[in-house]
K.L.:
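Below is one structure. I have some questions about it.
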Amino acid sequence: MKKIQMVDLKGQYEKIKATVDASIQEVLETNTYINGPLVHQFQADLEQYLGVKHVIPCANGTDALQIAMMGLDLKPGDEVITADFTFAATVEVIALLQLTPVLVDVDMNNMNISLDGIRKAITPKTKAIVPVHLFGRAANMDAIMAIANEHNLYVIEDNAQAIGADYNLKDGSKKKVGTIGHVGATSFFPSKNLGCYGDGGAIFTNDDKLAHILRGIVNHGMYERYHHDVVGVNSRLDSIQAGVLKAKLPNLDAYNKARQDAARKYSLALSVNPNIWAPTICESCDCHVFHQYVIRILNGQRDGLLAHLQEKGIPCAIYYPIPLHSQKAYASPRYKEEDFPVTNQLCKEVIALPMHTELDDEQIKFITDSVLEFLNN
Ligand SMILES: *Cc1c(COP(=O)(O)O)cnc(C)c1O
């Protein structure tokens, strides 16, 4: 059996080496390292793939979230609602911009932001909601957009984990996740579903005016050379990373399908055990693209299982071990423990199994057998 890895970027690269190498070579030969033609080509390809009017490439996913928020007319002290159970980048940029993060609990069934939690957190100061499509699964965008419209709030989608996922809207139309809110942000960190070989990110929007503002913000607030109209940042996707992404984008659907296939096999094997909660795979749509395959261990044995799997050479991880409201940087007297029962429980129960595009049946069987062997004892 091939050695099991949490993410197998080398195995993936070997299959696309010729196209990726050619793309990188093109950058080297044309010496266009910054804002080269490949950046614009990738931008256009991604706009077409996502069915969105504007993609603004930038340096990483955290910048993408920050710049998206800088482009909206938010003022210090404005409240921005986001999920307690997510990677810290989301709440970090809210705090950095001197906005007030308001963390709310998530739902047990999909681990995404709780609609009830959002409704209860809204105050006259609330200006935006940041849903995170956690682990690759689309948040309930119909309901989130309805709440936002009712209260006149912006919706900024954190799509770092769900690029390529589809969402079937109530009106019967289908949209790519990340293009439904006012603005979306994604990351091309190497292990993400569409990853480059370094850092990268992008912002999406269908709003022409906002897109124009964002294009200036990523470039030192310049709309005309050496005229700085707003305080901006320097955040660029470099040409080599754009070349890698342009070469990989045509494979994204196949990559997401490989992840779904692995997830289906995992869930089929694991859901027989009553101590395991395993995610279901939606057979009629692509609303979950399994950035991570996360199960819950319901009998209090999660940490024992983690040690058991590591002993067997199976890498696994806890996403996320500590709720954001319990982190020193984001603690606030506004939070009460009883407001976060689901996140508090998930942090004790979740475990992420290896998930990438190169998993084979032998590896999946070894992993599921090892999980069941521990829990059946
Ligand atoms: C990865 C990630 C980010 C940040 O992306 P970087 O490119 O690492 O800055 C933001 N939000 C979520 C949910 C992520 O998973």
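These numbers come from a predicted model, not from an experiment.
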K.L.:
Short question: side chain of Arg264, backbone of Ile281 - any donor-acceptor pair under 3.5 Å?
P.N.:
no

K.L.:
Do Lys365 and Asp361 sit within salt-bridge range, that is, some charged N less than 4.0 Å from a carboxylate O?
P.N.:
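Salt bridge absent between Lys365 and Asp361.
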
K.L.:
Are Val132 and Ile113 side-chain neighbours, meaning at least one heavy-atom pair lies under 4.5 Å?
P.N.:
no

K.L.:
Verify side-chain contact (heavy atoms from CB on, under 4.5 Å) between Tyr330 and His325, making sure each step is shown before the conclusion.
P.N.:
CA-CA 6 Å; Tyr330 305 112; His325 78 269; over 6 Å; no

K.L.:
Please confirm whether the ring centroid of His40 lies under 6.0 Å from the ring centroid of Phe42.
P.N.:
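Not close enough - the centres of the two rings lie 6.0 Å or further apart.
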
K.L.:
Answer yes when Lys75 and Asp78 have at least one side-chain N-carboxylate O distance shorter than 4.0 Å, and no when they do not.
P.N.:
no

K.L.:
When you check the gap from the basic side-chain N to the acidic O, do Arg259 and Glu358 get nearer than 4.0 Å?
P.N.:
no

K.L.:
Is any side-chain N of the basic residue among Lys312 and Glu373 closer than 4.0 Å to the acidic one's carboxylate O?
P.N.:
yes

K.L.:
Just wondering, more than 12 heavy atoms not from Asn152 lying within 6.0 Å of its CG?
P.N.:
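No - once you tally the heavy atoms of other residues, nucleotides and ligands closer than 6.0 Å, there are 12 at most.
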
K.L.:
Give a yes or no on whether the backbone of Asn110 and the side-chain of Asp107 come within a donor-acceptor separation of less than 3.5 Å.
P.N.:
no

K.L.:
Under a 3.5 Å threshold, yes or no: a donor from one side chain and an acceptor from the other, between Lys10 and Gln5?
P.N.:
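Short answer, no.
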
K.L.:
Grab the two heavy atoms, one from Met141 and one from Pro131, that are nearest each other, plus how far apart they are.
P.N.:
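In terms of heavy atoms, the two residues are closest at SD-CG, 4.0 Å.
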
K.L.:
Is the closest side-chain donor-acceptor distance between Gln260 and Asp286 under 3.5 Å?
P.N.:
yes

K.L.:
Can you tell whether the side chains of Lys265 and Asp261 come within less than 4.0 Å, N to carboxylate O?
P.N.:
no

K.L.:
Hey, does Gln241 have a side-chain heavy atom less than 4.5 Å from the side chain of Asp199?
P.N.:
no

K.L.:
Assess, by modelled atom type and distance only, whether the side chains of Asn193 and His291 contain a donor and an acceptor separated by less than 3.5 Å.
P.N.:
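Checked: Asn193/His291 side chains pair up, N/O donor to acceptor below 3.5 Å.
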
K.L.:
Verify the distance criterion only: is there a donor paired with an acceptor across the side chains of Asp105 and Ser114 at less than 3.5 Å?
P.N.:
no

K.L.:
Which is it for Asp116 and Lys120 under the salt bridge (Lys or Arg N to Asp or Glu O under 4.0 Å) test, yes or no, and what are the steps along the way?
P.N.:
CA-CA 6 Å; Asp116 229 32; Lys120 284 194 196 125; 3.6 Å; yes

K.L.:
Can you tell me how far CG of Leu214 sits from SG of Cys58, rounded to the nearest 0.5 angstrom?
P.N.:
9.5 Å

K.L.:
For Thr205 and His182, indicate whether the former's side chain and the latter's backbone hold a donor-acceptor pair under 3.5 Å.
P.N.:
yes

K.L.:
For Lys2, does the NZ atom sit with more than 12 other heavy atoms under 6.0 Å from it, leaving out its own atoms?
P.N.:
yes

K.L.:
Report yes or no: does Asn251 contribute a side-chain atom to a donor-acceptor pair with the main-chain N or O of Ala254 at less than 3.5 Å?
P.N.:
no

K.L.:
Please check this pair: side chain of Ser326 against backbone of Ile322, looking for a donor-acceptor N/O pair closer than 3.5 Å.
P.N.:
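Side chain of Ser326 to backbone of Ile322: no pair is present.
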
K.L.:
Got a sec: does the CD of Gln310 have more than 12 other heavy atoms crowding it under 6.0 Å?
P.N.:
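Yes, CD of Gln310 has more than 12 neighbouring heavy atoms, counting only those of other groups under 6.0 Å.
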
K.L.:
Which atoms form the tightest heavy-atom contact between Pro190 and Leu9, and what is the distance?
P.N.:
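Minimum heavy-atom contact is O-CD2, 3.4 Å.
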
K.L.:
Examine the side chains of Thr123 and Glu79 and answer whether a donor and an acceptor come within less than 3.5 Å of each other.
P.N.:
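Note: Thr123 and Glu79 side chains meet the donor-acceptor criterion.
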
K.L.:
Does some side-chain heavy atom of Thr343 sit less than 4.5 Å from a side-chain heavy atom of Leu346?
P.N.:
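A side-chain contact under 4.5 Å is absent here.
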
K.L.:
Under 6.0 Å between the ring centres of Phe135 and Phe290?
P.N.:
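No, the ring centres sit 6.0 Å or more apart.
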
K.L.:
Could you tell me if Tyr293 and Ser267 have a donor-acceptor pair between their side chains, going purely by distance under 3.5 Å?
P.N.:
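Their side chains do contain a donor-acceptor pair, which is all the 3.5 Å distance test asks for.
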
K.L.:
To the nearest 0.5 angstrom, please state how far the CG atom of Leu372 sits from the CD1 atom of Ile276.
P.N.:
5.0 Å

K.L.:
Scan side-chain atoms only and decide if Asn159 and Thr186 contain a donor-acceptor pair under the 3.5 Å cut-off.
P.N.:
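Side-chain D/A pair, Asn159 to Thr186: absent.
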
K.L.:
Between the side chains of Asp171 and Ser173, is a donor N or O closer than 3.5 angstrom to an acceptor N or O?
P.N.:
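A pair is found: one side chain offers a donor N or O, the other an acceptor, under 3.5 Å apart.
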
K.L.:
Out of curiosity, Leu359 CG to Ile367 CD1, how far, rounded to the nearest 0.5 Å?
P.N.:
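The CG atom of Leu359 sits 5.5 Å away from the CD1 atom of Ile367.
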
K.L.:
How close do Trp277 and Asn109 get, heavy atom to heavy atom, and via which atoms?
P.N.:
CZ2-O, 3.8 Å

K.L.:
Should Leu298 and Glu349 count as side-chain neighbours, where that means a heavy-atom distance under 4.5 Å?
P.N.:
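Sidechains of Glu349 and Leu298: in contact.
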
K.L.:
Determine whether the side chains of Asp208 and His54 contain a donor N or O and an acceptor N or O closer than 3.5 Å.
P.N.:
yes

K.L.:
Assess the side chains of Gln12 and Thr357: does a donor N or O sit below 3.5 Å from an acceptor N or O?
P.N.:
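The answer is yes; a qualifying pair exists.
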
K.L.:
Identify the two heavy atoms, one from Ile4 and one from Pro354, that lie closest to each other, and give their separation to 0.1 Å.
P.N.:
CG2-CG, 3.7 Å

K.L.:
Does Tyr223 use its side chain to pair, donor to acceptor, with the backbone of Ile213 at less than 3.5 Å?
P.N.:
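Answer holds: yes.
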
K.L.:
Hey, could you give me the CD1/CD1 distance between Ile295 and Ile351, rounded to the nearest 0.5 Å?
P.N.:
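Going from CD1 on Ile295 over to CD1 on Ile351, the span is 6.5 Å.
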
K.L.:
Counting the benzene-type ring for Trp, do His356 and Tyr255 have ring centres under 6.0 Å apart?
P.N.:
no

K.L.:
Compare every heavy atom of Met69 with every heavy atom of Leu99, then report the nearest pair and how far apart it is.
P.N.:
CD1-SD, 4.3 Å

K.L.:
Can a donor-acceptor pair be found, under 3.5 Å and without considering hydrogens, that links the side chain of Asp360 to the backbone of Gln363?
P.N.:
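Side chain of Asp360 to backbone of Gln363: a pair is present.
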
K.L.:
Return yes if some donor-acceptor pair links the side-chain N/O of Tyr167 with the main-chain N/O of Asp142 below 3.5 Å, else return no.
P.N.:
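Yes, Tyr167 side chain to Asp142 backbone: donor-acceptor pair under 3.5 Å.
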
K.L.:
Using a distance-only test with no angle check, is there a side-chain donor-acceptor pair under 3.5 angstrom linking Asp84 and Tyr335?
P.N.:
no

K.L.:
Taking all heavy atoms of Ala202 and all of Val55, pick out the closest pair and write down the distance.
P.N.:
CB-CG1, 4.0 Å

K.L.:
Take Leu210 and Leu72 through the test side-chain contact (heavy atoms from CB on, under 4.5 Å) and record every step on the way to the result.
P.N.:
CA-CA 8 Å; Leu210 179 60; Leu72 302 170; 4.0 Å; yes

K.L.:
Please tell me if the side chains of Leu74 and Leu97 come closer than 4.5 Å, counting only heavy atoms from C-beta onward.
P.N.:
no

K.L.:
How long is the gap from CG on Asn273 to CG on Asn275, to the nearest 0.5 Å?
P.N.:
5.0 Å

K.L.:
Side-chain contact test, heavy atoms from C-beta onward, threshold under 4.5 Å: evaluate it for Val342 versus Gln345 and give yes or no.
P.N.:
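Contact flag for Val342/Gln345 side chains = no.
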
K.L.:
Check whether Glu157 reaches the backbone of Gly178 with its side chain - one donor and one acceptor, N or O, closer than 3.5 Å.
P.N.:
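Looks like yes, one N/O pair under 3.5 Å.
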
K.L.:
Between His133 (side chain only) and Ala162 (backbone N and O only), is there a donor and an acceptor less than 3.5 Å apart?
P.N.:
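No; zero donor-acceptor contacts below 3.5 Å.
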
K.L.:
Return the CD1 to NZ distance between Ile163 and Lys176, rounded to the nearest 0.5 Å.
P.N.:
9.0 Å

